[in-house]
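By convention in this document, chain letters (A, B, ...) are assigned in the order of the sequence lines, proteins followed by strands, and residues within each chain are numbered from 1.
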Amino acid sequence: MAHEEKDGYDPSAVENKWQRLWDERGTNVFTREELESAEDPYYNLMMFPYPSAEGLHVGNIYAFTGADVHGRYHRLRGKTVFEPMGFDAFGIHSENFALKIGTHPMDLIPSNVANFTRQLRRIGGMFDWNHVVDTTHPSYYKWTQWIFLQFFKAGLAERKEAPVNWCPSCMTVLANEQVIGGACERCGTPVEQRRIAQWFFKITKYAQRLLDNLETIDWSPTTIKAQSNWLGRSTGAQLRFPVVDADGNETGDVVEVYTTRPDTVFGATYMVLSPEHPLVETVTDDGLRVPVYAYVDAAGKKDLVARQKADKTKTGVPTGGYCRNPATGEVIPIWVADYVLMEYGTGAIMAVPGHDERDFEFAQQFELPIRRVVAGPEHDADTPLEEAYVGPGSLVNSAAFDGTNVSESVETVTAWAAEQGWGEAKVNFRLHDWCISRQRYWGPPIPIVYCESCGPVGVPESDLPVELPRIDDFRPDDSGISPLARVEEWYRTECPECGAAARRETDVSDTFLDSGWYFIRYPSADVDDAPFDPAITKKWLPVNTYIGGNEHAVLHLLYSRFITMVLSDLGHIDFEEPYDVFRAHGLIIRDGAKMSKSKGNVIVPDPIIEEFGADAFRTYLMFLGPFEEGGDYRAGGIQGPFGFLHRLWDSAVGATDDPADPDVERKVHQTIHQVTEQIPALGYNTSIAAMMECLNVIRAGGRSASRAEIEPLVVMVAPFAPHLAEEIWERFGHQGSIFDGDNWPAYDESKAVETTVEVAIQVNGKRRAAIQVAADAPEASVVAAARVDENIARYLADVEERRVIYVPGRLVNFVVG
RNA sequence: GCCGGGGUGGCGGAACGGUAGACGCGGCGGCCUCAAAAGCCGCUGUCCGCAAGGGCGUGCGGGUUCGAUUCCCGCCCCCGGCACCA
């Protein structure tokens, strides 16, 4: 009995032991000197969590484990792997939760962090606990503020009054990226439009570079595509339509429009301004001011909500003003309609109802003229339009351009407009500047002081951090002003430039600014006189591999690229892309839906780890599907990997010193080959399957393993089940951690070669038999052997043989007929 | 509507254009045990057949090929993202 207990697999004993030893020996942590002198550095990054009160859920653990497996693999191959962990703990989510349960974020977050830390240790991640980053700690946000100041000094941070997305429930401004279908991504409340003075980062200046660089980085294609769509580059032309009075004389005002189809300018039969367009007032006829202003007013109120509803019924009003179409010379009416958005292009369009679906619908509704200027192969110049025609064809009703193919006409018409001075080619992006102001409490104060005479002044770097004061009343209100604006003793200060009485900025910054640079901070987390140490940064960055969720494809990943680019331009770092490789992991699905608290299908990991151990849990999560695609979580599924580890343990603990059996050794080397190829490619599920198969061979017929057979398997399983691997490694008599040094098994091709192979015999592509032949048997002898197979002979008896296909080692196919 | 990713046994999932269903879960039968856990052995796509063997099978319809889950064309459905972006 006692003997049983000593040698039986007891996950919690093994895991406790090794987690303790890793801590005691500092297995996973680096000193500054070690970071400085690392020989083969590999920076393995995963997206840091928001430390919620609920603790880690299976989705988090899935992502972390997948990334940890990657890091551990590279470490077993002899690399020096830095794998840090941190907490993205500022933001509305924490603040709202604190409000809900009646506590203070400054009390809530440390206890959440402690709980997360406990859980993260328990799953056996290879985290460097000496380099933890907590974005809410003054030692971190001091440097977040420093980054703001660098942007400010470089003219890349700008304060402007702008229409912003306002969530009436969260009572704060949201970035465009945080508005989903017109509603707040966090609480689902319809978003309103407000005009508030905000700080913006000029990310649009970097749009082209952010797009171009996508070609140079090795990222998941889905993420690349999402970023590229989000940047939304389009090419076209900016055209100017002069405003004319009732007599057709030019007033001097010009409506500037952006279009991707300048070739259809001859079909522009009216103009549309967005309700917020500055020219609305100017062009509106006095007799129409009442309806126009009423429309503009209504649009402003409902704005983002109503505009982004699925209902796309067009509304609009005529202004009574007119433009001259510079191509045709015709006078055309100017309308105001909310289907034209102020945020895109120039906020005004030329409407070509014949060849744009939205314009067509609008023109139909308000009985505006619809003119064909493109004729497809089925049409002529006068074919009536039943709907907007957007297909290929050639221009008609377009004066000198008639007959030109649309594929070339964009260019020729633009050139003509340029020659005449009313337009030029233009590239446009969908991307907007990044609004970083938040009228909330739980974030880093924006380090700006407003002075009557000096204007907005950056807080001197020596005065950082601008500490977030602990205040009891941190509730937001509907005024659009931060809770900090209620704390006079905090916001009253002196102008850093002239010393006059001044007032601090009371907004805090967006959490995406916190997470936009944390990866640069990690290796320098213990440096307190600079945001990052130059030498260490040079050695460790950019990040080798970043693994995270694709929900951040256009938020965090775009902002962190932008910040990196700016820091590079400002000379602080010498790389402009933060992550060499990015891989998006899949999602854990349960009951047909993504595992999430709102869906109510979350699995709490702790009891599972308690029962089966972290190793089995990790292995199961990596086994349940391709890591980059996610998979279905099923409660009983862990039995398979648990049993596997159990058998592996039993075989290893009872291993003999006999030499390896050649047949088993062959399987072992085939497995080494496969696993070595698949793990770095994140093919975790098939790697585990291969190792299971290998163990099945080792144990076939109840045979005992020899140590030579099983030791390579133990090393290969170590990324998935690190505690178990360490324990067996130690029992095999090795000194120190299995993760110290290059312990990955070497693949020997000569040992993996099969001597005999099974060859399938097909007749007309259908498998009719299989024969065993020597692996190096010549074609003729294989075909001859195939021919005399009893079953095959029957099929070949009375038919003509037309062809024989031979695929070495695989099959022989007799084509008969 | 647009952009991604998918549709394979009861289930999760494997398959360089080459033996479809590896590996695992679940199920059935058996061994070990006082019992349980763990472990071990066998069977397990479906239909016909005692068997040998054969028919049918990777969402649907076509095509290319000696051979298609894989490539091409046209559909259907599911998941994720974006959405009046001119």
Rounded distance (Å) that lies between atom P of B:G81 and atom CD of A:Glu551:
10 Å

Does B:C2 have a Watson-Crick or wobble partner in any strand here, with both distances under 3.5 angstrom, and which is it?
B:G81

Scan A:Asn813 against the nucleic acid and name what it touches under 4.0 Å (heavy atoms): base, sugar-phosphate only, or nothing.
base

Identify whether any heavy atom of A:Phe623 sits under 4.0 Å from a base atom; if not, whether one sits that close to sugar-phosphate; answer base, sugar-phosphate or nothing.
base

Taking syn as any angle within 90 degrees of 0 and anti as the rest, which one fits B:G62?
anti

Which is true for A:Arg590 with a 4.0 Å heavy-atom rule: it touches a base, it touches only sugar-phosphate, or it touches nothing?
nothing

A:Lys225 has its side chain closest, among B:G53, B:C82, B:C3, to B:C3

Provide the Watson-Crick or G-U wobble partner of B:G67, both distances under 3.5 Å; none if there is no partner.
none

Choose from B:C84, B:C66, B:G13 the nucleotide whose nearest atom is closest to any side-chain atom of A:Pro626.
B:G13

Measure the acute angle between the ring planes of A:Phe642 and A:Phe612, then classify it against the limits of 30° and 60° as parallel, tilted or perpendicular.
perpendicular

Starting the side chain at C-beta, find the nucleotide from B:C66, B:A83, B:G4 nearest to A:Ile805.
B:C66

How close or far is atom P of B:C25 from atom CD1 of A:Ile608, stated in whole angstroms?
17 Å

Given the side-chain rings of A:Phe814 and A:Tyr806, with only the six-membered ring counted for Trp, is the space between their centroids under 6.0 Å?
no

Does the side chain of A:Tyr258 come under 3.5 Å of the side chain of A:Ser234 through a donor N or O and an acceptor N or O?
yes

Test for a donor-acceptor pair under 3.5 Å between the base of B:U19 and the side chain of A:Glu758, counting only N and O atoms.
yes

State whether A:Arg810 and A:Glu758 are salt-bridged, where the test is any N-O pair (Lys NZ or Arg NE/NH1/NH2 against Asp/Glu carboxylate O) under 4.0 Å.
no

Take the protein atom CD of A:Glu611 and the nucleotide atom C1' of B:A38, then report the distance between them rounded to whole Å.
13 Å

Please give the distance between the C1' atoms of B:A86 and B:G5 as a whole number of Å.
29 Å

Give none if B:G49 has no partner; otherwise give the nucleotide forming a Watson-Crick or G-U wobble pair with it, both distances under 3.5 Å.
none

Regarding the side chain of A:Arg647, the nearest nucleotide among B:G18, B:C40, B:G4 is B:C40

Please give me every residue in residues 678-698 of chain A whose heavy atoms get under 4.0 Å of an atom in RNA chain B, ordered by residue number.
A:Asn685, A:Thr686, A:Ala689, A:Met692, A:Glu693, A:Asn696

Do we see a donor-acceptor contact under 3.5 Å between the side chains of A:Tyr339 and A:Asp359?
yes

Should A:Ile805 and A:Val812 count as side-chain neighbours, where that means a heavy-atom distance under 4.5 Å?
no

Are any of A:Arg699's side-chain N or O atoms less than 4.0 Å away from OP1 or OP2 of B:C40?
yes

Suppose we call two aromatic rings close when their centres sit under 6.0 Å apart. Are A:Tyr684 and A:Phe627 close by that rule?
yes

Are any of A:Asn550's side-chain N or O atoms less than 4.0 Å away from OP1 or OP2 of B:G5?
no

Do A:Gln678 and A:Thr686 have side-chain N/O donor and acceptor atoms under 3.5 Å apart?
yes

Is it the case that the ring center of A:Phe362 lies less than 6.0 angstrom away from the ring center of A:Tyr270?
yes

Is A:Arg810 close enough to B:G17 that one of its side-chain N or O atoms is under 4.0 Å from OP1 or OP2 there?
no

Only pairs with both distances under 3.5 Å count, Watson-Crick or wobble alike; so what is the partner of B:A15 in this structure?
none

In whole Å, what separates the C1' atom of B:A14 from that of B:C31?
31 Å

Roughly how many Å is it from CG in A:Leu624 to P in B:C25, rounded to a whole number?
14 Å

Using a 4.0 Å heavy-atom cut-off across all strands, classify A:Tyr795 as base, sugar-phosphate, or nothing.
sugar-phosphate

Among B:U19, B:C56, B:G53, which nucleotide sits nearest the side chain of A:Ala760?
B:U19

Listing time: all N or O pairs from protein to nucleotides 27-29 of chain B that are below 3.5 Å?
none

Ring centroids only, cut at 6.0 angstrom: are A:Phe512 and A:His556 within range, meaning strictly under it?
no

Considering only heavy side-chain atoms of A:Thr260, the closest of B:A14, B:C84, B:A86 is B:A86

Should A:Arg803 be listed as having a side-chain N or O under 4.0 Å from OP1 or OP2 of B:C66?
yes

Between A:Arg618 and A:Thr65: side-chain donor-acceptor atoms closer than 3.5 Å
no

Applying the Watson-Crick and G-U wobble criteria at under 3.5 Å, what pairs with B:C28? Answer none if nothing qualifies.
B:G42

Which label fits A:His646 and A:Tyr9: parallel for a plane angle under 30°, tilted from 30 to 60°, or perpendicular past 60°?
perpendicular

Checking N1-N3 plus N6-O4 or O6-N4 for Watson-Crick, or N1-O2 and O6-N3 for wobble, each under 3.5 Å, the partner of B:A22 is none

Does B:G9 have a Watson-Crick or wobble partner in any strand here, with both distances under 3.5 angstrom, and which is it?
none

Could you check how far CG of A:Asp632 sits from P of B:G7, rounded to whole Å?
13 Å

